[in-house]
Amino acid sequence: MLYREALNKALDEVMAIDDTVVTLGEDVGLYGGSFRVTEGLVEKYGEERVIDTPIAELSIVGNAVGMAIGGLRPVAEIMTGNFSLLAFDQIINHMAKFHYMSDGKIILPMVVRFPQGVSKQLAAQHSESYEQMLCSVPGLRVLSVCDVNYAYHALKFAILSNDPFVFIEHELLYNKKGEVNFEEQLDPFKARIVKKGEDITIISYLKMVDDVMQSIPEIESALNCSCEVIDLCSLNPIDYATLATSIQKTSRVVMVEEDHKTGGFGSQVIAWAAQEMFYSLDAPPLRLAGKDVPIPYNRTLELASIPTPNSIAQEIIAWGRKNDV
Amino acid sequence: MNKLLAQEIYYFMVLGRNFEYAAKENYMQGNVSGFLHLDLGQEAFSVAAMKAFEKGDIFATYREHIMAMARGIAPKAVMAELFGKAEGVSGGKGGSMHLFEPSRFFYGGDAIVGGQIPNAVGCAYARKLQGSEEGVMVIFGDGASNGGAFFESLNIASTHKLPLLFLCENNEYAIGTNIKRSAPFREQAKKAEPYMMTLSVDGMKAEAVYETIKKAQKLIEDGHGPVFVEAFTCRFEGHSVSDPNSYRSTQEMHRCKAKDPLEHFKKELLEKWMCSDKELQEIEQKAQKAVDEAVEFAKNAIEPNTAALLEHVFVEEV
């Protein structure tokens, strides 16, 4: 099953059992979704529950908030991460705050989904990542899943939860193949150990997890070590317990993310490691992230602006040699 | 409108005015803090709109104390919220601008100008899908009708023929900027005309507001889709208590206060509805008593405990 099919399956199953679930966004209906995540749903559930909206992101999320107040479980799709900025007032001032400001009286069971990240030469206004802003907003759950099986379970969980979720996808993951274990009881807030290892803990999320995995043979062979790779899956909350257990074992931590480095999400993970895991560490933490530049169009420049399997391997090997791994 | 209803509206108008003066007094004494947007001068608008639209969902602005009370939220719970107390309607976490009571279908109290309009559109969509009889009413000011959220909402509400009443409180001022300096015309209903039926009313006259909202509600019930009502009002004071109102001349304020909605409606009660002075005095005393009790209650109400800080960030624990 493809990643996008797993998301489609999750939506389909929840819409079948709960007729308060609706999905809305640009081209989610008759067109089938820009990335085909909502394909076939309008035929099954009709235009009233699979709602094609105008290109008006503020309203897509603002209307979803009102729908949730009115007793529905909306799943809003923003076509691409950069467009979510037009909806940030609704995401931050409304979606994230109503439950708290009303002392728990308003409940917003809703999900905002969007793909983000560097795809292929889409340039600066279609390539960015926004988890750093979303994760700093109290009241939002943020999931950012790399694995196909997790994508299915985590989206289903988010739709059925009574809290507001942002579900971040990556444009290059939609056609990723994987198995879904439909019977599994999976906690989407728990980090996934992708690969066990003894010497270095490498933490990542979303598409970078796959890039890290590609870099592992070269790293392990060059440093004669074994790496433990962790996919965070959930960015709010962060599963610090799983990270701590791994770092206590390996004594070394590397954080890899695609987003711009300054103020990026990984700085939170490294700040935590420096403060809470200091005495377990045998080497300074390493943080690999995108350059602090708008994402350029040119393919060579574009790839130079973010970590790649090759650059991840080179940087970790250089760091490992310097720090006696 | 009948005599009983007119008396009820008068009660809430007096309650509202006295409540706002009490809130201001307690602000000066330091019992109430933050931003405090008084609804003085707009009591007819706020009360009559709520009484006409008595059942559906309400999305209001940050100038909503009187609307909340007219919707049935106890003055004690509103005043305690202004005082930041645990017994406030939002547990002391919202304050003056964020009064929420879903059991009364009252959803704020939104302090992002125009931010509540898309929420009301979404709620109206839900009500249409659910086949609910009751529609949704969203209140916003003339200032919000210059923003993108407003125009997006007109478009979506009319495309889907949603049961939504857009109620524009046109007091001509976006904080201190007159509508003539921020829009090409004074009548904001002109912006809605291509999309839906529009009605206008003198917002300083309670009965006119009541009848206009009822008429709009009937149009929505009859399947006309959304309706836009514009009420021309005039606030007696600044945007909030920290605004000295220096942008309006003495003459302008004199003309504004000459339209006092309480005096106008009191005259109607005496002449049209044949109320006696004694009846009105009783209503006024009852309203004053409710305000005094609300202040007393708020003063004695308890502070939120420190554990409340971390409560209700999420519904579900991890």
Side-chain angles (χ1 to χ4, degrees), chain A residues 19-20 22 24 47-49 51-72 74 76 86-87 89-90 92-110 138-141 161-164 187-190 234 236-237 239, chain B residues 57 59 81 86 88-95 97-103 105-112 114-130 132 136 138 147-149 151-153 155-157 159-160 162 164 304 308 310-316 318:
Chain A
D19 62 12
T20 67
V22 299
L24 66 155
E47 289 184 49
E48 287 188 330
R49 289 180 62 200
I51 308 155
D52 280 321
T53 67
I55 304 173
E57 286 79 9
L58 169 73
S59 284
I60 294 172
V61 178
N63 293 357
V65 168
M67 289 172 176
I69 288 174
L72 301 180
L86 287 151
D89 166 54
Q90 285 295 335
I92 295 177
N93 279 320
H94 298 78
M95 178 178 170
K97 291 188 173 46
F98 277 5
H99 186 62
Y100 190 81
M101 288 204 308
S102 69
D103 202 29
K105 285 178 179 172
I106 302 276
I107 290 172
L108 297 178
M110 63 180 286
L140 288 182
R141 292 293 185 209
S161 166
N162 285 320
D163 281 312
D187 179 355
F189 295 136
K190 203 163 163 43
S234 169
N236 185 345
D239 178 9
Chain B
D57 303 279
F59 290 79
E81 188 59 35
V89 65
S90 300
K93 286 177 172 168
M97 301 186 284
H98 304 299
L99 309 174
F100 292 90
E101 190 46 88
S103 70
F105 304 99
F106 193 90
Y107 309 110
D110 198 301
I112 304 298
Q116 76 281 18
I117 311 176
N119 300 158
V121 170
C123 189
Y125 192 94
R127 295 294 174 248
K128 191 183 177 194
L129 196 65
Q130 292 154 347
S132 156
V136 178
V138 58
F151 287 97
E152 288 186 15
S153 298
N155 182 57
I156 295 171
T159 301
H160 291 283
L162 298 181
L164 178 58
L310 299 179
E311 285 170 4
H312 302 306
V313 179
F314 293 104
V315 180
E316 290 166 15
V318 171

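In this text the structure is predicted, and so the values were computed from the model without any measurement. In what follows, chains carry the letters A, B, and so on, assigned in the order in which the sequence lines appear, proteins first and then strands, with residues in each chain numbered from 1.
- Comparing A:T20, A:I51, A:I107, A:L108 by heavy-atom pairs within less than 4.5 Å of chain B, the highest count is held by A:I51.
- Per-residue counts of heavy-atom pairs under 4.5 Å with chain A were compared for B:G122, B:G92, B:G108; the largest is that of B:G122.
- A donor-acceptor contact shorter than 3.5 Å is absent between the side chain of A:Q90 and the backbone of B:P118.
- For a residue to count as touching a neighbouring chain, one of its non-hydrogen atoms must lie under 4.5 Å from one of that chain's; by this rule A:D239 does not touch chain B.
- The heavy-atom pair separating B:I156 from A:S59 by the smallest distance is CD1-CB, 3.4 Å.
- The candidate from A:G71, A:G66, A:A68, A:P74 with the greatest count of non-hydrogen atom pairs under 4.5 Å with chain B is A:G66.
- Side-chain atoms of A:D163 come within 3.5 Å of backbone atoms of B:E316 as a donor-acceptor pair (strictly under, hydrogens ignored).
- Listed by chain and residue number, B:E101 satisfy the salt bridge (Lys or Arg N to Asp or Glu O under 4.0 Å) test with A:K105 (two or more places apart in sequence, or in another chain).
- Contact annotation for A:A56: both backbone and side-chain heavy atoms come within less than 4.5 Å of a heavy atom of chain B.
- Heavy-atom pairs under 4.5 Å with chain A were tallied for B:V89, B:V121, B:I112; the largest tally goes to B:I112.
- Both the backbone and the side chain of A:E48 have a heavy atom closer than 4.5 Å to some heavy atom of chain B.
- Closest approach of B:G115 and A:D89 over heavy atoms only: CA-OD2, 4.4 Å.
- Here A:D52 contributes atom CG and B:T159 contributes atom OG1; the two are 12.0 Å apart, rounded to the nearest 0.5 Å.
- The contact between A:N93 and chain B is made entirely by side chain atoms (from C-beta outward), counting heavy-atom distances below 4.5 Å.
- The shortest non-hydrogen separation linking B:V315 to A:N162 is CG2-O, 3.5 Å.
- Within the 4.5 Å cutoff, the side chain of B:Y107 has no heavy atoms near those of the A:V65 side chain.
- Separation of atoms NZ (B:K93) and NZ (A:K97) is listed at 14.0 Å; rounding is to 0.5 Å.
- With a 4.5 Å cut-off on non-hydrogen atoms, A:H94 touches chain B through its side chain but not through its backbone.
- Interface check for chain A: of the options B:L129, B:N155, B:V136, the most heavy-atom pairs under 4.5 Å are formed by B:L129.
- Of the two parts of B:F59, only the side chain, counted from C-beta on, holds a non-hydrogen atom closer than 4.5 Å to a non-hydrogen atom of chain A.
- Closest non-hydrogen pair, A:P138 versus B:V313, comes out as C-CG1, 4.2 Å.
- Atom CG in A:L58 sits 7.5 Å away from atom OG in B:S153 (nearest 0.5 Å).
- Per-residue heavy-atom pair counts under 4.5 Å with chain A were compared for B:C123, B:A111, B:G95, and the maximum is reached by B:C123.
- One distance of note links CD of B:E81 with CG of A:D103; it measures 8.0 Å at 0.5 Å rounding.
- Taking the side chain as every heavy atom from C-beta outward, A:L24 and B:Y125 never approach each other to under 4.5 Å.
- Considering only residues two or more places apart in sequence or on other chains, B:R127 meets the salt bridge (Lys or Arg N to Asp or Glu O under 4.0 Å) condition with B:D57.
- Of the atoms belonging to B:A124, not a single heavy atom falls under 4.5 Å from chain A.
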